[in-house]
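Some notes on the structure that comes next.
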Amino acid sequence: MTPRVRFAPSPTGFLHVGSARTALFNWLYARSVGGTYVLRIEDTDAERNRRDLTDNLLAELEWLGLDWDEGPVFQSERQERHRQVVADLLERGLAYLCDAENREVSGSTLVDGLAVRFRMPAGQTMAFDDIVRGEVSFATDDLEDFVVWRSNGSPMFLLANAVDDADMGTTHAIRGEDLLSGVPKVLLLLDAIGAPHPTYAHLPLLVNEQRKKLSKRRDDVSIGDYRERGYLPEAMVNYLALLGWGPPDEVEVRPVSEIVDLFRIEDVNKAAAFFDVKKLEFVNATHLRGLDRADFLQRVAPWVGENAPWPAERFDAGVFSTMVDLVQEKLRTLADTPRFVDFLFLSDPVDDPESWEKAMVKGPAAAEILDGAAVALADCSWDVDSVLAAVAGVGESLGLKLGKAQAPIRVAVTGRTVGPPLFETMAGFMERDEVLRRIAQARARL
RNA sequence: GCCCCCAUCGUCCAGCGGCCUAGGACGCCGGCCUUUCACGCCGGUAACACGGGUUCGAAUCCCGUUGGGGGUACCA
């Protein structure tokens, strides 16, 4: 029997990183064993049954590259089937009607306005063998009767979940550990409808610095937000795969295709994992550096386009395209890009007080360096070597190494202490007059 | 409260009875390179929660303790 797994998110309007991780592991499992990956939308709650909430979810999954083989299947469209199952449970006495106060009401057929609860059998042990957790068991005596059908005429999560998995032929339920304690109830439901139990694999939770489950209130959990902050989908997927799993060869940053080849669900570990943005950044930077120029230009387009910190008419795509070689390897995220090149597309260098303080105030001989550079750069050849030699000469006359000597010039020209290689940038992409103008302007400010 | 799960460097992952004076990665701290930053390279910091067993031998198996987490809705 070929494995069938499903990712069954509840539409909340965005894709949570924890959900993305669950989706990824289901996808990895399916892709690694040649199984089928189905997408199911758990929207039994009327408030979540909104197409727009689902659309965004699907868009984010597509962005991550987690393509599904079947679906999306909407639970809300399967209500009639759910109703039949509940009616059957009621008729067989496995469930009962109850009012708003949870008092049992006699009757063996569905009644509008009344909920239905499943009757918890006494003295049973519900056990199952979880791929990641091993043998897990619950005593039904510790569990209570639970609602399977709402008084408003809709199915509850557990019921829809059990019925749909049974109907869809789900062989493996791979999901977050927060759902572990719901398993015995689902098993009972599955037994009641005569369906086989899927094999479970409960993934360790993703937690924050407080070791609490990632929550949308406190933590940055939206995949869309990471996308907007300049993270690459392949980096996101790569990093997420590293939470709860590790490649046998210890090579952490790699293409998703390799992860598919190496992934084994049995290797997933049990302990909760901290979502570490620092490491995500590292993974992202590594993938970013690996992009070829055309690919990089395409991905970075949103950050140098309309929302860029410079007037669109001053942007020079040709200059930027060439500058890419000088900045790409320095970036952590795509969003870092503008501040490495903005001085080229702005009429004046940006004003960065910290940089100014560091190079012009605290740094040595700022005035002398700028004065010297104004002279030396005025009549040297306008190429990288000559510009470098000119600045180096100014530094030597003041007893400064090139690193120190270039600092005030860098800040005068670009506005910042951090940026692309200075001489390459000046000689390659700026007019001599503009460089001299900025140096003079900075000198006047001292 | 009750039920369930978990426990190796600050963090993520490796280790699945001897190869462990515990390995890799991120971070951090040094150094080199050097036109800043970054990259790269070199080096360093730092962990088997605790207590009992089992065994010739335990980070690895068992029990307990402690700690953490999850669940306990007519949310999913």
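Chain naming here is simple, since letters A, B, ... match the order of the sequence lines and numbering starts at 1 in each. No hydrogens, no waters, no symmetry mates; every other heavy atom, side chains included, goes into these values.
Residue-to-nucleotide contacts include a donor-acceptor pair under 3.5 Å from the side chain of A:Lys330 to the base of B:C37. Between the side chain of A:Glu177 and the base of B:G71, no donor-acceptor pair of N or O atoms lies under 3.5 Å. Scanning atom types as modelled, one donor and one acceptor separated by under 3.5 angstrom connect the side chain of A:Lys279 and the base of B:A25. Between the side chain of A:Glu424 and the base of B:U35, at least one donor-acceptor pair of N or O atoms lies under 3.5 Å. Judged by distance alone with a 3.5 Å cut-off, a donor-acceptor contact links the side chain of A:Ser151 to the base of B:C74.
Pair assignment for B:G18 gives B:C56, based on Watson-Crick or G-U wobble hydrogen-bonding distances that are each under 3.5 Å. Shown here, B:C41 forms a base pair with B:G31; the pair counts as Watson-Crick or G-U wobble because both key distances fall under 3.5 Å. Nucleotide B:A7: paired with B:U66 (Watson-Crick or G-U wobble, both distances less than 3.5 Å). When both pairing distances are held under 3.5 Å, B:G1 makes a Watson-Crick or G-U pair with B:U72.
The pair A:Asp351-A:Arg445 counts as a salt bridge, with a side-chain nitrogen and a carboxylate oxygen less than 4.0 angstrom apart.
Donor-acceptor pairing under 3.5 Å is lacking for the side chains of A:Arg410 and A:Thr414.
Position along RNA chain B of the nearest nucleotide to A:Arg416 versus A:Gly246 favours A:Gly246 as the more 5'-ward residue. Taking for each of A:Val136 and A:Gln210 the nucleotide of RNA chain B with the nearest heavy atom, the 5'-most of the two is the partner of A:Val136.
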Could you go through A:Leu114 and A:Asp99, starting from their C-alpha distance and side-chain angles, then the distance that decides it, and tell me whether this counts as side chain to side chain contact (heavy atoms under 4.5 Å, CB included)? CA-CA 5 Å; A:Leu114 289 183; A:Asp99 61 23; 4.2 Å; yes

Test side chain to side chain contact (heavy atoms under 4.5 Å, CB included) on A:Met236 and A:Leu280; report intermediate values, then the result. CA-CA 7 Å; A:Met236 203 70 213; A:Leu280 203 213; 4.2 Å; yes

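Nucleic acid contact class of A:Ala115 (heavy atoms, under 4.0 Å, all strands): base.
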